[in-house]
K.L.:
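One structure follows; several queries about it will come next.
Keep in mind the model is a prediction, meaning the values are calculated, not measured. Naming: A, B, ... by sequence-line order, numbering from 1 per chain. Just so you know, these numbers use all the heavy atoms, side chains as well, and skip hydrogens, waters and symmetry mates.
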2 protein chains.
Amino acid sequence: MSAFSAVELIIKKRERGELTTAEINWLVENYTSGSVADEQMSAMAMAILLNGMNRREIRDLTVAMVNSGERLDYSTLRFPTADKHSTGGVGDKITLPLAPLVAVFDVAVPQLSGRGLGHTGGTLDKLEAIPGWRANLSNTEMHAQLDEIGAVICAAGSGLAPADKKLYALRDVTGTVEAIPLIASSIMSKKIAEGTGALVLDVKVGSGAFMKTFERARELAETLVDLGNDAGVKTSALLTDMSTPLGRKIGNSLEVEESVEVLAGGGPADVVELTVELAREMLRLAGKADVDVAAALKDGRAMDKWRAMISAQGGDPAAELPRAREKHVVTAEASGVIEAMDALQVGVASWRLGAGRERKEDAVQFGAGIELHAQVGETVQAGAPLMTLFTDEPARFERALESLVGAVKIGTSGAGPADAHHRKIVLDRITRN
Amino acid sequence: MSAFSAVELIIKKRERGELTTAEINWLVENYTSGSVADEQMSAMAMAILLNGMNRREIRDLTVAMVNSGERLDYSTLRFPTADKHSTGGVGDKITLPLAPLVAVFDVAVPQLSGRGLGHTGGTLDKLEAIPGWRANLSNTEMHAQLDEIGAVICAAGSGLAPADKKLYALRDVTGTVEAIPLIASSIMSKKIAEGTGALVLDVKVGSGAFMKTFERARELAETLVDLGNDAGVKTSALLTDMSTPLGRKIGNSLEVEESVEVLAGGGPADVVELTVELAREMLRLAGKADVDVAAALKDGRAMDKWRAMISAQGGDPAAELPRAREKHVVTAEASGVIEAMDALQVGVASWRLGAGRERKEDAVQFGAGIELHAQVGETVQAGAPLMTLFTDEPARFERALESLVGAVKIGTSGAGPADAHHRKIVLDRITRN
């Protein structure tokens with residue numbers, strides 16, 4: 001005989017009731033085992049989305065999802081651990097230069113990543129553009145690589161938070177993605193189970209992000225930070241701008257290329273700034289506040305770590321990356337300063353070019369995507385190239401171009417936005433440590 | 001390629017949007033065919049429950065569910081047709097005497113009924129207590145019996161509103177039963193598809209009913225009446241009291257017994273009153289306003305129709321009904337007037353005794369249930385029998401008695417409620433015809 005009834009718990013939340021710890025544990029255990037059916041959990045997810053959960057309920061949900069699977073343990077590593085999680089954006093390749101950069105300072109980064117769905121890219125899709133690189137490591141391989149090199153980016157094993165895996169797939173098809181309690185418990189259950197000692201959250205704000213407003217992003221960030229610290233993970237968050245794409249390259253091979261530029265001491269200012277800011281915060285939480293992060297990008301130490309990390313997973317860091325067969329150049333319609341370039345529209349265009357997938361089972365095109373020839377705050381001349389679109393299938397250009405209509409705003413008054421050359425990337429910080 | 005996306009429609013309703021006619025048709029068609037999954041429909045049902053639907057959406061939903069299956073046609077019958085639907089209550093056996101009573105006046109009653117789930121009984125379960133009686137008729141058999149006898153009570157065939165059947169089963173396990181748009185479209189899609197020309201709704205109000213408050217019941221009744229009339233069915237509604245059980249007998253055999261008492265010209269005043277009121281309204285809508293309904297109960301014409309109707313479906317109207325093996329008498333704790341007897345508590349007790357089922361696949365005990373020795377407004381003496389509980393399994397008495405704690409309120413001041421002897425059954429009427 002069951003301790004609770006799924007229907008009674010759904011009705012309780014439907015009527016704005018508060019679920020007890022025992023009820024949440026029962027629900028997650030029985031959903032994981034299959035005794036609570038998908039159609040019951042989706043009704044519950046919709047009730048949670050519309051009626052909310054308090055902090056205690058969100059914490060209980062997170063803990064229950066962690067407890068649905070194994071929890072990794074890095075206490076025997078020779079380094080402290082720190083990780084980063086981004087809520088997802090357009091052109092957000094920061095994980096690629098960040099993990100090796102942090103590892104330079106003897107802080108290990110056990111980054112478990114995912115694949116892209118929708119207009120935001122997935123870190124694993126990007127790295128798979130590198131010939132030979134493999135995403136799937138055993139726990140033992142991961143541990144060994146962390147001990148030896150200090151950085152690993154790989155797929156989360158099926159043993160971590162299986163309740164979250166099941167619920168995430170369900171939310172995706174039932175219109176229940178955008179609920180803070182569900183987003184927060186999903187992110188944090190994986191990161192807590194992953195076993196990192198410190199965690200910095202990059203919570204994106206703006207058109208290309210899940211959270212379109214600063215208030216919603218801040219609410220999510222605070223929820224995440226509290227969940228992490230409650231679970232014994234030193235956690236803080238940066239709220240960062242996602243109104244416009246990050247960097248000049250969007251797509252899988254293209255983002256690997258730009259990451260390598262950053263690791264070589266170059267790359268776009270915004271990508272460098274965010275990489276350095278996140279590295280500093282991760283290192284601070286791991287007890288290494290007084291290190292010169294930027295220097296490690298300039299002097300090749302971060303690049304060396306990158307090469308070691310890629311090679312350890314079978315990748316050839318020197319290999320040529322896949323390129324798209326077709327390209328189409330979009331030119332500027334007027335001369336002036338680029339005042340805005342909508343992240344969502346550019347992200348959707350890149351997705352439609354083949355950089356992302358429509359359904360989970362689709363493959364991505366490694367070479368597809370967009371290269372921006374100018375970013376917000378820069379000046380363009382009418383008729384000059386504004387961006388180049390890449391795809392293997394020229395039939396995709398039309399729908400990609402459709403999504404770009406009105407995406408770029410060129411200020412022709414001659415007086416661009418005052419702060420145009422100093423776009424603010426980090427909008428706010430939430431720390432408890 | 002699909003016209004719409006289930007996720008997009010769920011999100012639209014989640015964000016309090018209005019679904020278009022085309023969207024609702026697409027949703028119902030694709031849910032019926034299986035392309036929209038149960039977990040998507042349950043999320044939609046929860047969004048509808050919490051965010052509502054306007055009248056146009058409810059009408060579209062009802063029409064789409066009617067169109068998901070066949071629609072019966074009684075235009076070739078020699079009688080006009082009228083039916084009744086009750087939203088369900090405790091001791092509500094009215095359909096049993098009502099169908100033959102109306103048929104006396106040459107108005108045919110094509111009553112498609114269901115089985116009980118939860119504390120409210122099911123008409124088919126009650127009639128199956130009669131040895132030999134069968135619930136499943138073909139459309140041809142049903143038509144022939146209506147033409148010959150004028151009354152049939154049978155199970156709805158699987159061809160009627162299959163979308164509703166699927167959605168009803170889903171709502172039952174996902175905590176999405178209590179939504180007026182879903183209740184209203186479920187009831188009316190079946191009744192419209194059933195092909196009746198006139199319909200009277202018995203919308204119950206009170207602790208034993210779905211609708212606990214007069215306002216909610218009235219909202220449901222008005223929605224139902226509008227849906228029926230919009231679909232060309234002359235429809236009206238009575239709002240009737242379900243704060244206390246209807247009649248003195250609750251359970252399957254027990255309710256058949258009491259129905260036969262009414263058909264024999266006797267029976268409890270409340271059951272007789274409601275049967276006559278509903279018959280009058282059905283006959284009025286079918287164009288027979290000037291008939292003496294009560295006389296047909298007194299002079300045996302209704303009983304003759306009953307016997308013919310039961311016999312036509314294989315039942316033996318003279319056979320002894322199954323009786324429970326065990327009984328337990330509950331005595332009055334004080335002397336005085338019964339001021340209240342909670343319908344829900346009595347209904348749950350009867351359910352727990354075995355008169356109802358826990359899960360769809362369970363069987364009911366025909367003899368289980370409760371006989372009340374006094375109703376609200378009547379006087380009892382301390383220590384005298386108040387009610388008798390019946391079951392085949394004495395282990396069930398304990399939980400049944402638990403649910404009766406505090407169910408009966410005996411006024412010991414000597415001055416009972418002013419209207420105690422004239423309990424008002426019909427609380428309101430909603431007519432458009």
Side-chain angles (χ1 to χ4, degrees), chain A residues 1-2 4-17 19 23 27 30-31 34-53 117-119 166-183 210 212 216 348 358-360 399, chain B residues 1-2 4-17 19 23 27 30-31 34-52 117-119 166-182 210 212-213 216 348 358-360 395 399:
Chain A
M1 184 103 178
S2 281
F4 301 105
S5 133
V7 174
E8 281 169 22
L9 298 190
I10 296 166
I11 291 174
K12 191 174 185 186
K13 181 47 69 185
R14 186 191 89 189
E15 301 300 317
R16 306 190 152 273
L19 300 178
E23 286 170 344
L27 185 72
N30 284 277
Y31 178 57
S35 342
V36 168
D38 276 342
E39 56 267 31
Q40 297 178 314
M41 202 61 179
S42 66
M44 177 62 95
M46 183 58 80
I48 291 171
L49 189 146
L50 290 169
N51 290 342
M53 272 186 150
L117 192 64
H119 74 277
K166 209 174 158 185
L167 182 55
Y168 188 88
L170 181 71
R171 286 164 56 210
D172 190 48
V173 297
T174 58
T176 52
V177 169
E178 294 87 351
I180 285 183
L182 300 177
I183 295 172
F210 258 134
K212 308 295 181 195
R216 286 271 294 169
V348 169
E358 197 87 32
R359 286 162 307 185
K360 273 192 253 328
R399 289 200 67 222
Chain B
M1 184 101 179
S2 282
F4 301 104
S5 131
V7 174
E8 280 169 22
L9 298 190
I10 296 166
I11 291 174
K12 190 174 186 187
K13 180 49 71 184
R14 186 191 89 188
E15 302 299 317
R16 304 191 153 272
L19 301 179
E23 287 169 343
L27 185 72
N30 285 276
Y31 179 57
S35 345
V36 169
D38 276 342
E39 56 268 31
Q40 295 177 314
M41 201 61 179
S42 66
M44 176 62 94
M46 183 59 80
I48 291 171
L49 189 147
L50 289 170
N51 290 342
L117 193 65
H119 74 276
K166 209 175 158 185
L167 182 56
Y168 189 88
L170 181 71
R171 286 164 55 210
D172 190 49
V173 298
T174 57
T176 51
V177 169
E178 295 86 352
I180 284 182
L182 300 177
F210 259 134
K212 308 296 181 193
T213 68
R216 285 271 295 169
V348 170
E358 197 88 31
R359 286 163 306 187
K360 275 194 253 324
R399 289 200 68 222

K.L.:
Just how far is it from atom CD1 of A:I11 to atom CD of B:E178, taken to the nearest 0.5 Å?
P.N.:
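The distance works out to 5.0 Å.
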K.L.:
Between B:L9 and chain A, which part of the residue has a heavy atom less than 4.5 Å away: side chain, backbone, both or neither?
P.N.:
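When you check distances to chain A, no heavy atom of B:L9 falls under 4.5 Å.
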K.L.:
Quick check for you: among B:D38, B:V173, B:L170, B:V177, which has the greatest number of heavy-atom pairs under 4.5 Å with chain A?
P.N.:
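The option with the most such pairs is B:V173.
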K.L.:
For A:D172 and B:V7, which heavy atoms make the closest approach, and how far apart are they?
P.N.:
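Looking at all heavy atoms of both residues, the closest pair is O-CG2, 3.8 Å.
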K.L.:
So, for A:S42 and B:A43, which heavy atoms are closest and what is the spacing to 0.1 Å?
P.N.:
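Result for this residue pair: OG-N, 3.9 Å.
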K.L.:
So which of A:Q40, A:K12, A:M41, A:R14 has the biggest tally of heavy-atom pairs under 4.5 Å with chain B?
P.N.:
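Among the listed options, the one with the most contacts to chain B is A:R14.
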K.L.:
Below 4.5 Å from any heavy atom of chain B, which atoms of A:A47 appear? Answer side chain, backbone, both or neither.
P.N.:
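Both parts, heavy atoms under 4.5 Å.
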K.L.:
As a test of understanding, state which of A:I10, A:N51, A:L49 forms a side chain to side chain contact (heavy atoms under 4.5 Å, CB included) with B:M46.
P.N.:
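Of A:I10, A:N51, A:L49, side chain to side chain contact (heavy atoms under 4.5 Å, CB included) with B:M46 is met by A:I10 alone.
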